[in-house]
Number of protein chains: 2
Amino acid sequence: MTKENLQSDTTRDRVLSTSAGLFCQHGYAGVSMRKIAESCDMKAGSLYYHFASKDEILIEVLNMGIERVHAAVATALSESAGTASAFDRLRHAISGHLHALLEYSSFTSANVRIFRQVPEAVQHSTLETRRRYEALWDGFLGDLKAEGHLRSDVDIRSFRLMLIGALNATLDWFDPAPGDISELADRYADMLANGILVGPQS
Amino acid sequence: MTKENLQSDTTRDRVLSTSAGLFCQHGYAGVSMRKIAESCDMKAGSLYYHFASKDEILIEVLNMGIERVHAAVATALSESAGTASAFDRLRHAISGHLHALLEYSSFTSANVRIFRQVPEAVQHSTLETRRRYEALWDGFLGDLKAEGHLRSDVDIRSFRLMLIGALNATLDWFDPAPGDISELADRYADMLANGILVGPQS
DNA sequence: TGGCCTGCCTAACGTTTGTTAGGGATGGCG
DNA sequence: CGCCATCCCTAACAAACGTTAGGCAGGCCA
């Protein structure tokens, strides 16, 4: 119960992390227990010592994906709360989401990629975690609006959906090797905060 | 070669359209030839009269997805070219993409959902079609910039990626039944064109 | 009428799927 | 030492997978 669990946990974590990467690349049904095991230098049967089923791995991967990006954004928000300008706070929140998505966490990218194609029962068991993350953003955007920094005719939910959608879509093209994630966050924050047309339009 | 093909084509088209819907919902590996056949009131073996393999269905679905949204946006652009304001042209282009994605075409949504998880060889055989669609947007945005309507410090490629990403993400939450797609397009165009913060930020 | 083409069928092939049962090695603890 | 838990293994199960071969009905054309 003391040191053994350390070994056990690292194996378990390795399985989860490789599963996330595979799910992200090939989709839920495209990844078999045997492929997961092979990527961990194990045999398929051994996975069932750590997990009861493929869906149990899946649920854990999906939940960890949201939890990680939630933690990243929460940290970014609390670090810039009060002191920074509205734009800088938005910039930091965006940066937190992008770093979690593109750098830290294969769990987060797996969640973005496969959530809509997993069995409905699995989706439901991760909805609560999802809602907490949405609430984090809505709270932040609500603060911005209450402080008068947000255009009064902008709907918070609409903007949050557009923003998170745009950020998650970077998964499809961004190559973290050359580019700088923080610089990407700056560009996105600028375009979203200021718009792309010259002068106000309606 | 004349009337027979009519019957043949409708069955073929039904297979493609059902396949698109299934691919969209369950991912590439999550859809079997037997499930496709069952959804068309056929048996799995019969599919091979119309298609050589599962991947051939897939390639056709993916290509049609891009071609449809390309046609929708091209029409919207040509209808508003010259006469309308920069904002209205952007609004119409967005509306064209959203209508194709959310209303017309299960092919387009299938492409958005599963493109990154299909075999690499299949991806390659649809890349040319994809590039043509990207070029359509870049041409339009280049025109806006040349006419001085686009902020000069906004990178066209960055904005196009953000925009298309944000639009495609509506697949994950938009329910076409109650909401109006055109009104959604207006909201998105407004937020993207004008930004969401009050006054210019940097 | 006889033959051909179209469109779908059944039945089977070899492989892969998720999952289970049972066994063997390792190492800490009495 | 002997015991027990941990951790992974092999072997097998039934089911589902993509694909193929061969056949049967019906309409077209000679």
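In the text below, chain A, chain B and the rest are named by the order of the sequence lines, each starting its count at 1. Hydrogens, waters and symmetry mates are skipped; everything else that's a heavy atom, side chains included, is used. All of these numbers come straight from a predicted model, not from anything done at the bench.
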Under the side chain to side chain contact (heavy atoms under 4.5 Å, CB included) test, residues paired with A/E120 that sit two or more places apart: A/H124
Hits for side chain to side chain contact (heavy atoms under 4.5 Å, CB included) against B/L184, two or more places apart or cross-chain, chain-then-number order -> B/L98, B/L102, B/T170, B/W173, B/F174, B/R187, B/Y188
Which residues pass the side-chain hydrogen bond (donor to acceptor under 3.5 Å, both in side chains) test with [X], not counting sequence neighbours?
X	result
A/R68	none
B/R89	B/E147
A/R116	none
B/T18	none

Let's see if you can work this out: which of [options] has an atom nearest to the side-chain heavy atoms of [X]?
X	options	answer
B/H50	C/dC8, D/dT19, D/dT6	C/dC8
B/K54	C/dG18, D/dT19, C/dT6	D/dT19
A/T11	C/dT6, D/dC8, C/dT19	D/dC8

Atom pairs under 3.5 Å, N or O on each side, protein against nucleotides 22-26 of chain D: can you list them with distances?
none

Just distance, no hydrogens or angles: give the donor-acceptor pairs under 3.5 Å from side chains in residues 70-80 of chain A, sequence neighbours left out.
residue : atom : partner : partner atom : Å
A/T75   : OG1  : A/A71   : O            : 2.9
A/S78   : OG   : A/A74   : O            : 3.4
A/S78   : OG   : A/T75   : O            : 3.1
A/S80   : OG   : A/A76   : O            : 3.1

Contacts under 3.5 angstrom, residues 27-44 of chain A side chains, donor-acceptor by atom type, not counting sequence neighbours:
residue : atom : partner : partner atom : Å
A/Y28   : OH   : A/D55   : OD1          : 2.6
A/S32   : OG   : A/K35   : N            : 3.2
A/S39   : OG   : A/K35   : O            : 3.1

If the cut-off is 4.0 Å, is B/Y48 near the phosphate of D/dT19, judged by side-chain N/O to OP1 or OP2? yes
Compare side-chain N and O positions of A/Y49 against OP1 and OP2 of D/dC7 and report whether any pair is under 4.0 Å apart. yes
Distance in Å, A/F51 CZ paired with A/I59 CD1, rounded so as to fall on 0.5 Å steps: 11.5 Å
Expressed in angstrom and rounded to an integer, what is the separation of [X] atom [atom1] from [N] atom [atom2]?
X	N	atom1	atom2	value
A/D55	C/dT19	CG	C1'	12 Å
A/E56	C/dG18	CD	C1'	14 Å
B/E38	C/dC8	CD	C1'	16 Å
B/F51	D/dG18	CZ	C1'	16 Å
B/L47	D/dT19	CG	P	11 Å
B/I36	D/dA16	CD1	C1'	14 Å
B/M42	C/dT6	CE	C1'	12 Å

Report the C-alpha separation of A/R113 and A/D172 in whole Å, then their side-chain angles, then the decisive distance to 0.1 Å, and conclude whether the salt bridge (charged side-chain N to carboxylate O under 4.0 Å, His left out) test is met. CA-CA 10 Å; A/R113 280 264 174 83; A/D172 283 345; 3.3 Å; yes
Does A/A52 or A/K35 map to a spot on DNA chain C nearer the 5' end, using the closest nucleotide for each? A/K35
Using distance only, find each side-chain donor-acceptor pair of residues 135-143 of chain B under 3.5 Å and give its atom names and separation, not counting sequence neighbours.
residue : atom : partner : partner atom : Å
B/W137  : NE1  : B/Y133  : OH           : 2.9
B/D138  : OD1  : B/R160  : NE           : 3.0
B/D138  : OD2  : B/R160  : NH2          : 2.9

Check each residue of residues 19-32 of chain B for a non-hydrogen atom within less than 4.0 Å of any atom in DNA chain D, then write out the ones that pass by number, or none. B/V31, B/S32
Does the Lys NZ or Arg CZ of B/R130 fall within the cation-pi geometry relative to B/F115 - under 6.0 Å from the ring centre and within 45° of the axis? yes
Extract from the structure each pairing of a protein N or O with an N or O of nucleotides 10-15 of chain C at less than 3.5 Å, listing the distance.
none

